[in-house]
Amino acid sequence: MLEKHYSPSDIESRIYQQWDDAGTFRGGRKNADGTPAEPFSIVIPPPNVTGSLHMGHALNNTLQDVLVRFERMRGKDVLWQPGTDHAGIATQSVVERQLMERQLPDRRAMGRAAFVERVWQWKEESGGTITGQLKRLGASCDWSRERFTMDEGLSRAVTKVFVDLYRQGLIYKDKRLVNWDTKLLTAISDLEVQSVETKGHLWYFRYPIKNPGKLKQKFIVVATTRPETMLGDTAVAVHPDDKRWTKYIGKMVELPLTGREIPIIADEYADPEQGSGAVKITPAHDENDFEVGRRHDLPLINIFDQHGAMNENVPEAYRGMDRFDARVRIVADLEALDLVEKIEPHLLKVPKGDRSDSIIEPWLTDQWYVDAKTLAGPAIQAVEDGRTVFVPKNWEKTYFEWMRNIKPWTISRQLWWGHQIPAWYGPDGEIFVAFNEAEAQALAEAHYGKPAELRRDEDVLDTWFSSGLWAFSTLGWPDETPELARYYPTSVLVTGFDIIFFWVARMMMLGLHFMHEVPFHTVYIHALVRDEKGQKMSKSKGNVMNPLDLIDEYGADALRFTLAAMAAQGRDIKLSANRVEGYRNFATKIWNAARFGEMNGCKSVADFDPSSAKETINRWIAGEAQRASAAVTEAIEQQRFNDAANAAYQFVWHTFCDWYVELAKPILTGASETARAETQAMFAWTFDRILALLHPFMPFITEELWQRTGEAVGGRDSMLIVAPWPELSSLEDKAADAEIAWVIEFVSEVRSVRSEMNVPPAAQVPLVISGAGDAVKARAERHRDTLARLARLSAMRFEAAPPKGAVQIVMKDAVLALPLADIIDLAAETDRLRREIDRVKGEIAKLDQKLSDEKFTARAPDHVVEENRERLANAAAAEKRLHDALKRLEAAA
RNA sequence: GGGCGGUUAGCUCAGUGGUAGAGCGCCUCGCUUACACCGAGGAUGUCGGGAGUUCGACCCUCUCACCGCCCA
């Protein structure tokens, strides 16, 4: 006997263990005839190995699991490839912080080997957290194939990709301005920089012009948001067409505080509309200025050290000062010299590191780059051709936009945690890129004609460099494994829009380059999970909802169902706990439906054929089940998760529980043995399909009920997770549908009127049907018990006309009368009928107008015109019956 | 500045060229032998403003307003 309430925590871990133990998550499924099943593969977006599950993961993995479970039930050979990434900067930072908190020597003090060892330890400690949490969510990944970006195999893939790209000229080393994080002391890529709008100032400085002679201006005014960079200025630029300054071009300026002289140059970068039209040029500390410097062959003066403090290239007074302290000091010093023209408040975009939140400095260093432009070509082409499709499609625009304007990808990081770059340097700085040190030595020997002392590049690669290989490295590449042949290209990638550039684009580029095929056919992009007010969840706002707390409180199924039901394409999810609670209630509802079946002897019958059912409600529910399963199937196929979830919800609660169960009750307790047996079997058959349809969304409760209800028939053939998906056909019966629709209308109408007339719910009242044809009479007769029970009738009889003083319900094909003379409020009832008449009249007027418009009848499609004619006829008939009813009522008064 | 998205019931959101929907909330009633994590009934919308296309627009086009996000 099932308990009254479903208690998720009692069963979730046990059920999960059963699935895992039975190997149901493993790929490699065969068809019944032993041939390999059609493959369906997904690679998980690898979470940070030391991270923990947040709502974004919960959504992302729920959607993947829905697809995976759906396809598994459809008999496909499903591989959901799980794993984690090493999250270079994030993980290294965590460990460094730990060292600091425990007052241990920092990483430099302990040395590279010891530090990396320590990070591995941390990975061992916390690395299982997130995978454990994914299991609590119900994720049916093939854990036997779990991978980590720094695994031996994946590392080999990284090395090979680096070496190959280098030898193909697609990876190179260059000295350019990079985004330098002065806190983490590493370069980062453009994508890891966020511009943050900040209130600042615009400082206008007067730079004295040297030997102005007869010229009007003795100073040239330049504006800057970063006064401290003036120490690195190497020119002042004006626009070549700016007449105000033409005569000054070629003159020198005395750069204050430095004793240096710099030229006034003409360059189109200077905007005549801005300020004085002159702009200071600091080629070593600004991307645009760097370009100007390159055009004019200006010297680059680097004024910062790696921490963002002033270095030896600035006057002694400022050396060693932090950049922001230097700013204050420089402004003060210039003011003292009366060289500050004005200071204005100014809104500017400040670049910040997404990990460190510190202000990023464009800084001149040697770094490794990938020639992304070349790799992007085929990746753009593949989406243009439709070999990879984005869902929703509009994300393709975002993808194209970025890909077509792609810049070189900075892949080196000044970190220790990650894949160390396979490059070695000879004594003269010659670079040898090789698979390993031995090969590098051999290359060096060939180059120098003798063995040479080599030094390995200390830097590691961007984590996304290894995640960019994820779709094939996890399948065994560079080895030619059977899995690679079978599961690549993968079927679909499910991910958030925030990593289209970071990850999707890179997998496209690298997948096409090394596998010559797209990494996935479909990219399903889902939205962000926000709080109920639409705010992004963040620790600092304190509005973070922890998926594990929700699972504890409401069960994994409820959380999953909520996320799926809210995952409408192209829209963010505003999550609130009471929505989850609502779907927890849904789980309880399902549980109780099972309980009802159990109490009424509804057991699955092995060879039951639903199309053989005789009872109208059974013929009807079979058709409803077919429609529901078609709707759910189609929606999942199109990745319309909310539609799928809602179709299932609607069917289960409002069709099956609200009506079928109620309609079945009289039969289940009735006299006819055959009808009862058929209904018991049909209930069980339908409920089994319900469990299957819901399984992708609510795997735990459905599996539990599948097993529990299976006990009554000596156990199930298989677990639900691998049971067949309902694919139903030929079960629709229009006559049954019409009849049950009539019953439902009958009951609803009577209930509605009873409620409106304040008939006590417990009171059973007689009902008179009049104006009914033989077919309607027969119909009412057939469902006499049901109608009486659900509408709470004491008697039901047929008469030529409704009795006087009765409440009358006008249906399409009959008038139902409740003789309530003693309790009826005549005025209220008259009022009710008048309102009804008004409503119908309004409808008639609208339809009349439409149908008398020749343009409408001539141009609208026939079926629409026909439909409107029918509606008019029905409305007119209803109006007549209502009028009759009103007359009768008035006669009774 | 460029791009994308949004504006539909109190709230959160579906939706389609042909009679405006769901969940939650709200109101009334009810312990009817699956379920009060429930049942029955009910109220609530100028579908952001304006113009156009169309026999017909919540839906298509244009425009305006406001709100988000991404990229410069």
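Any value given below was found using the heavy atoms of this structure, including those in side chains, with hydrogens, waters and symmetry copies removed. Sequence lines set the chain letters: A, B, ... in the order given, protein chains first and strands last, and positions in each chain run from 1.
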A:Met599 has its side chain closest, among B:rA34, B:rC69, B:rC71, to B:rA34

Do A:Tyr524 and A:Phe641 pass the ring pair (Phe, Tyr, Trp, His ring centres under 6.0 Å) test, and can you show the C-alpha distance, the side-chain angles, and the key distance before you say yes or no?
-> CA-CA 11 Å; A:Tyr524 177 83; A:Phe641 299 98; 5.2 Å; yes

Salt bridge A:Glu704-A:Arg708, side-chain N to carboxylate O under 4.0 Å | yes

Strictly under 3.5 Å: I want the nitrogen or oxygen pairs between protein and nucleotides 44-47 of chain B, one per line.
none

Distances under 3.5 Å between protein N/O atoms and the N/O atoms of nucleotides 1-4 of chain B, please, pair by pair.
unit_1: B:rC4; atom_1: OP1; unit_2: A:Lys397; atom_2: NZ; d: 2.9

Please measure how far the C1' atom in B:rG50 lies from the corresponding atom in B:rC66, and state the result in whole Å.
-> 15 Å

Is there a donor in the side chain of A:Thr679 and an acceptor in the side chain of A:Asn618, or the other way round, less than 3.5 Å apart?
-> yes

Using the C1' atom in both, what is the distance from B:rC58 to B:rG1, to the nearest Å?
-> 33 Å

Per-nucleotide protein contact string for nucleotides 17-30 of chain B (B base, S sugar-phosphate only, - none; heavy atom under 4.0 Å) = -BB---SS----S-

Pair A:Glu598 + A:Lys4: basic N to acidic O under 4.0 Å = no

For A:Lys4 and B:rC37, is the shortest distance between a side-chain N/O and OP1 or OP2 below 4.0 Å?
-> no

Distance only, no hydrogens: is a donor on one side chain within 3.5 Å (strictly under) of an acceptor on the other, for A:Arg871 and A:Asn874?
-> no

Basic-acidic side-chain contact under 4.0 Å: A:Asp737, A:Arg627 | yes

Which whole number of Å gives the distance between the P atom of B:rC27 and that of B:rC4?
-> 45 Å

Nearest-angstrom distance, C1' atom, B:rC47 to B:rC59 = 10 Å

